[in-house]
J.: 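Have a look at the structure that comes next, please.
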Amino acid sequence: MEAPIRAMLALQDEINTQIHPDWRSQEYPWYRAIWVECAELLDHYGWKWWKHQEPDVAQVRLELVDIWHFGLSDLLVRGVPAARIAVGLCPPVADHEARGNTFCDWVERFAGNTLQAREFDLAGFATLLRAGDLGFEELYRSYVGKNVLNRFRQDRGYRQGTYRKHWRGREDNEWLVTLSDGLNPDSEAYADDLYAALARAYQAEPDG
């Protein structure tokens, strides 16, 4: 597990450096990005008692991957080694099965711990992965995919405000799920193929 964690840490460092060459010294509030992503996660899972809702499993998992991006950034800043991260992602007890807590309960607990400590709650995230039925291998593959999308966004003016997040009525995260389903995530060319597929879809029919 340590090798893919080191790979993800390196990818996160690369995308952060693309955004700001000296990102580690900027004191970005990673914890704030994490709890905001938690709210988006709950929206995709469904929490509104006044209407019928079904969890959008694909988007729930993508939000977990988004949280992982910011978590990795916080772990990099704090210098947490890959071996310690690997241990943190494999707690001995699946807490989400205890005390009758729902998925929403665990999201709120994770967000609360993150806000209180102002840092990524690694153990709490491990619980969310289990509660969301997202295994480490799928986390890794999904992370690589979302990392490609983040690079794609930056290359097309995301930080400058010129990037279009919606194409032909769909958000780019939805395009990511659709396009990645048609590719082999085990291929050495997976990242390049996905980037190319995103470029084709983005340019095919711009929003008016």
J.: For Q160, is the CD atom crowded, meaning more than 12 foreign heavy atoms sit under 6.0 Å from it?
T.: yes
J.: Quick check: are there more than 12 heavy atoms from other residues, nucleotides or ligands sitting under 6.0 Å from CZ of R118?
T.: no
J.: Can you give me the closest heavy-atom contact between Q53 and D43, atom names plus distance?
T.: NE2-O, 4.4 Å
J.: For the rings on Y163 and Y202, is their centre-to-centre separation under 6.0 Å?
T.: yes
J.: Can you find a heavy atom in the side chain of L122 that is under 4.5 Å from one in the side chain of V80?
T.: no
J.: Side-chain donor-acceptor pair under 3.5 Å between E14 and N147, yes or no?
T.: no
J.: Using only heavy-atom distances, determine whether the side chains of Q12 and Y143 contain a donor-acceptor pair under 3.5 Å.
T.: yes
J.: Please determine, by modelled atom types, if T127 and R109 share a side-chain donor-acceptor pair under 3.5 angstrom.
T.: no
J.: Are I34 and F125 packed together at the side-chain level, in the sense that at least one heavy-atom pair is separated by less than 4.5 angstrom?
T.: no
J.: For W35, is the CH2 atom crowded, meaning more than 12 foreign heavy atoms sit under 6.0 Å from it?
T.: no
J.: Do H20 and Y28 have side chains that approach each other closer than 4.5 Å (heavy atoms only, starting at C-beta)?
T.: yes
J.: Tell me whether W50 at atom CH2 has more than 12 heavy atoms from other residues, nucleotides or ligands lying less than 6.0 Å away.
T.: yes
J.: May I ask you to test the N184-Y190 pair for a side-chain heavy-atom distance under 4.5 Å?
T.: no
J.: Can you confirm if the aromatic rings of F120 and W30 lie within a centre distance of less than 6.0 Å?
T.: no
